[in-house]
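Working notes for the structure below.
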Amino acid sequence: MTTIIDFIIVFVILVLVHEFGHYWFAKRSGILVREFSIGMGPKLVAWHKNNTTYTLRLLPLGGYVRMAGWQDEDDEIKPGTMLAIEVNGDGRVTRINTSNKTTLQGGIPVQVSRIDLVHELVVEGYANGDESELKTWPVDHDATIIEEDGTEVVIAPDDVQFQNAPIAKRLLVNFAGPMNNFILAILVFIGVALSAGVQVLDTNQIGTVQSGSPAAKAGLENGATITSIDGQAISQFADLQKVVGEDKDGPSLNVVAKQNGKTENLTITPTKEGLIGVTPPVDRSIGTAIKYGFTQFWSLTTRIFDVLKQLVTGQFSLNKLAGPVGIYTMTSQAASGGFQSLLFFLGYLSLNLGIMNLIPIPVLDGGKILLNLLEIIRRKPLSPEKEGIVTLIGAGLMVLLLIAVTINDIMRQF
């Protein structure tokens, strides 16, 4: 049960951070965010605030920010459609119900003759089944529409649609999700460094001596400085590891150490694994933590790109990828190592999510950014029809890959 909770927490944090990047920059670019969803599939919970509908959905397969005119299903309502409208005191339509799953209390039943919720903002039709009089109702700019699945969202007038925002703002909105993941990863790594400390390896001073270890039995104490081992000078922790490691299950070591204000000669016998039971000192200063956050970010980024390079250059293997099942397993393993281990895994996963989303595949942020760049070069956008086809192909490929990865993850469990 604890693992499930850990997985849900990690999943929600990652999706919230990623999608909030899209959401925040869209709002400030004058683009209407119709829906902010955590999860995919059937709706579990929904609430409406400040012209955005927030939903929690069943399947933990990510989330989305649904903007007007972008990643948006067709709102076209065909002539002859029966729906209900709610009208305010000025005679303007404020709500439209197209769903059979809910009832609009006090709504006017209308058989649609013509409806335009993008440009003219108007509804024409026959009210209450009276086909003798064609009526026209103006639609409020911020009117809502209850869709077939019962989700209520604001309509998408032309002036707040994604594609009508300046190209620079659209490019930034597309990049904002991965950018937020990168920022989260760096902040998490900084947090890990502040909590656990960063090992200082360029010193011959030790941090702690493990209780009951060969070093403890020989009288070595926390914070001691080791100057030499068997006559070999020790200037940093790596020197100590090398000398001790070469003496696996061998004769005792003559260790010269400074502790308690004096120099002592100690005899330490390593274990058969070549260990004496000491750890390096740690630094929890804010400066070191910030440096660690960025260096860890860069180090892991290069590793991820190495894996991607292998996948592209013919060394493709599903074992190098993970879907929801694989991520659940890794979350369980990270949680078993304690809070700091789980926190580090959150940062690593956030970095992965940011990089993977920048892969130039349609339906991913990287694919949208590529289309933005093509628009800048061509000085005109790709036609909606062509963009829709490209996005559909990309979505299909991603679904197939997700299915294959998930099956592989399940098989690896057995």
Side-chain angles (χ1 to χ4, degrees), residues 2 6 185-300 303 330-349 351:
T2 302
D6 290 334
I186 292 172
L187 292 177
V188 166
F189 294 146
I190 291 174
V192 170
L194 289 173
S195 175
V198 178
Q199 290 187 341
V200 181
L201 301 177
D202 59 349
T203 178
N204 59 353
Q205 183 181 27
I206 63 172
T208 58
V209 178
Q210 297 172 4
S211 177
S213 66
K217 293 176 181 178
L220 195 65
E221 299 180 8
N222 295 343
T225 299
I226 297 178
T227 58
S228 69
I229 299 178
D230 282 350
Q232 297 185 49
I234 302 297
S235 61
Q236 54 186 3
F237 201 82
D239 298 335
L240 182 152
Q241 291 175 311
K242 180 180 179 181
V243 174
V244 174
E246 292 173 347
D247 200 68
K248 294 180 181 179
D249 204 24
S252 299
L253 300 171
N254 178 32
V255 178
V256 178
K258 292 181 179 180
Q259 56 185 10
N260 301 319
K262 58 183 180 179
T263 300
E264 299 182 16
N265 288 289
L266 307 174
T267 302
I268 303 177
T269 303
T271 65
K272 61 182 180 179
E273 292 83 14
L275 303 172
I276 61 174
V278 297
T279 60
V282 296
D283 184 351
R284 292 186 174 86
S285 67
I286 183 66
T288 298
I290 292 174
K291 180 181 178 181
Y292 175 84
F294 282 93
T295 55
Q296 195 65 35
F297 173 86
W298 180 251
S299 174
L300 292 175
R303 293 185 194 177
M330 289 186 286
T331 302
S332 175
Q333 294 170 348
S336 66
F339 174 74
Q340 291 169 348
S341 174
L342 182 61
L343 190 62
F344 186 89
F345 177 70
L346 171 64
Y348 176 70
L349 206 56
L351 176 58

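What you see is a predicted model; the values in this text were computed from it and never measured.
Ile276 places a side-chain heavy atom less than 4.5 Å from the side chain of Pro270. Side-chain contact check for Val188 versus Tyr348: every heavy-atom pair is 4.5 Å or farther apart. Under the 4.5 Å side-chain criterion, counting only non-hydrogen atoms from C-beta, Gln236 is not in contact with Leu201. In this structure, Asp230 and Val243 have side chains that are not in contact, with every pair of non-hydrogen atoms separated by 4.5 Å or more. Annotation: side chain of Ile286 is in contact with side chain of Leu194 (closest heavy-atom distance under 4.5 Å). With contacts defined as side-chain heavy-atom distances shorter than 4.5 Å, the pair Ile206/Leu240 qualifies. Considering only heavy atoms from C-beta on, Thr267 stays 4.5 Å or farther from Val255 through its side chain. Side-chain contact between Ile190 and Tyr292: absent, with no pair of heavy atoms (C-beta onward) separated by less than 4.5 Å.
Looking at every heavy atom in both residues, Gln205 comes nearest to Gly223 through NE2-O, 3.0 Å. Minimum interatomic distance between Leu220 and Ala257 (heavy atoms only, all atoms of both residues): CD1-CB, 3.8 Å. Taking each heavy atom of Gly274 and Val244 in turn, the nearest pair found is O-CG1, 3.3 Å. Nearest heavy atom pair, residue Asp6 against residue Ala335, reads OD2-CB, 3.3 Å. In terms of heavy atoms, Val282 sits closest to Val200 at C-CG2, 4.3 Å. Nearest heavy-atom pair across Gln259 and Ala224 is OE1-CB, 3.4 Å.
Although no hydrogens or angles enter the test, the distance criterion places a donor-acceptor pair under 3.5 Å between the side chain of Ser336 and the main chain of Gln333. Listed for the Thr227 side chain is a donor-acceptor partner under 3.5 Å among the backbone atoms of Val256. The main-chain N or O of Val198 is never found under 3.5 Å from a side-chain atom of Arg284 such that the two would form a donor-acceptor pair. Judged purely by atom type and a 3.5 angstrom limit, Asn204 uses its side chain to pair as donor or acceptor with the backbone of Ile226. Using modelled atom types, one side-chain atom of Ser213 and one backbone atom of Gln210 make a donor-acceptor pair closer than 3.5 Å. Between the Thr263 side chain and the Lys258 main chain, no donor and acceptor come within less than 3.5 Å of each other. Under a 3.5 Å cut-off, the side chain of Ser228 and the backbone N or O of Gly231 do not form any donor-acceptor pair.
Residue Ile229 forms a side-chain contact (heavy atoms from CB on, under 4.5 Å) with just one option from Leu266, Ile268, Ile234, and that option is Ile234.
How far CG of Leu349 is from CG of Leu342: 10.0 Å, rounded to the nearest 0.5 Å. Of the inter-residue distances, the one linking Thr279 atom OG1 with Gln199 atom CD reads 7.0 Å to the nearest 0.5 angstrom. Of the inter-residue distances, the one linking Leu253 atom CG with Gln232 atom CD reads 9.5 Å to the nearest 0.5 angstrom. Of the inter-residue distances, the one linking Phe339 atom CZ with Ser341 atom OG reads 11.0 Å to the nearest 0.5 angstrom. Here Ile186 contributes atom CD1 and Gln296 contributes atom CD; the two are 11.5 Å apart, rounded to the nearest 0.5 Å.
In the model, Glu273 has a side-chain atom that pairs as donor or acceptor with a side-chain atom of Thr271 under 3.5 Å. One side chain, Glu221 or Asn260, offers a donor N or O that lies under 3.5 Å from an acceptor on the other. A donor-acceptor contact under 3.5 angstrom links the side chains of Gln340 and Ser195, judged on distance only.
Between Phe189 and Phe344, the two ring planes are tilted [angle within 30° to 60°].
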